[in-house]
Each structure stands twice: as C-alpha cells, then as structure tokens.
Amino acid sequence: MTESASPYISNPRIVVLAVQPGDPPFRIVEIDGEVVGQARTITDVLFQAAVAGITVHDLDDPDVVRWVGGGKYTWKVH
C-alpha cells in the first residue's frame, strides 16, 4: 500500500472520551495523553483546552479534537 492510499489517522492533542453515567453524566477529557478532568458540556472542554494553552477554533476538526463514543453534542448515556 502506498502512503497516499493509506488512511489518514490524526493525533489530536484533545481527546474527549465516551459519556460516563453520573448525575449529571460526564465525559473524561485528555490533553496530550493525560487526563485533565471531566466535562459536562462543550464549554468545559473549551475551558480545559484554554487552561492547557490550546485555542480551539473548530471542534469538528479531527486534527484538534477526537470525540470518542459520540460527537460534541453527545452528553447523555444512551
């Protein structure tokens, strides 16, 4: 397989993991491979990124944020 035919795999600095049960439900946020905290909203993700010195312009950019177990609007356990 040539390099151009191989799938592109991004390595974003921010990873938001799947929704965890809780009251209210939350998602674990990792930055640079380290767990930095919990997020209950998109705003929490942006805040944690800002604390780490990361400015997020596009939450849909897979080079910036990887959403695991649902997208940026998934905040409830299904």
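Hydrogens, waters and symmetry mates play no part in the numbers below; they use all other heavy atoms, side chains included. The structure displayed is predicted, hence computed values, not measured ones.
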Where Thr74 and Gly69 come nearest, the two heavy atoms and their spacing: CG2-O, 4.1 Å
Hey, is the main chain of Ala39 close enough, under 3.5 Å, to the side chain of Trp75 for a donor-acceptor pair? no
Return each pair, listed once, that meets salt bridge (Lys or Arg N to Asp or Glu O under 4.0 Å) where at least one residue sits in residues 45-59; pairs must be two or more places apart or across chains. none
Just to verify, what does Asp32 make a side-chain contact (heavy atoms from CB on, under 4.5 Å) with, not counting sequence neighbours? Arg13
Which donor-acceptor pairs under 3.5 Å do side chains of residues 42-56 form with protein atoms, sequence neighbours excluded?
unit_1 : atom_1 : unit_2 : atom_2 : d
Asp44  : OD2    : Arg40  : N      : 2.7
Asp44  : OD2    : Thr41  : N      : 3.3
Gln48  : NE2    : Gln38  : O      : 2.9

Linking Ile, Leu, Val, Met, Phe, Trp and Tyr through side-chain heavy atoms less than 4.5 Å apart, which residues share a cluster with Phe26? Val15, Leu17, Ile28, Val35, Val68
By the rule that ILVMFWY residues connect when side-chain heavy atoms come within less than 4.5 angstrom, directly or transitively, which residues belong alongside Val77? Val19
Sequence neighbours excluded, every pair satisfying side chain to side chain donor-acceptor pair (under 3.5 Å) that has a member inside residues 22-31: none
Among residues at least two apart in sequence or on other chains, which ones pass salt bridge (charged side-chain N to carboxylate O under 4.0 Å, His left out) with Asp60? Lys72
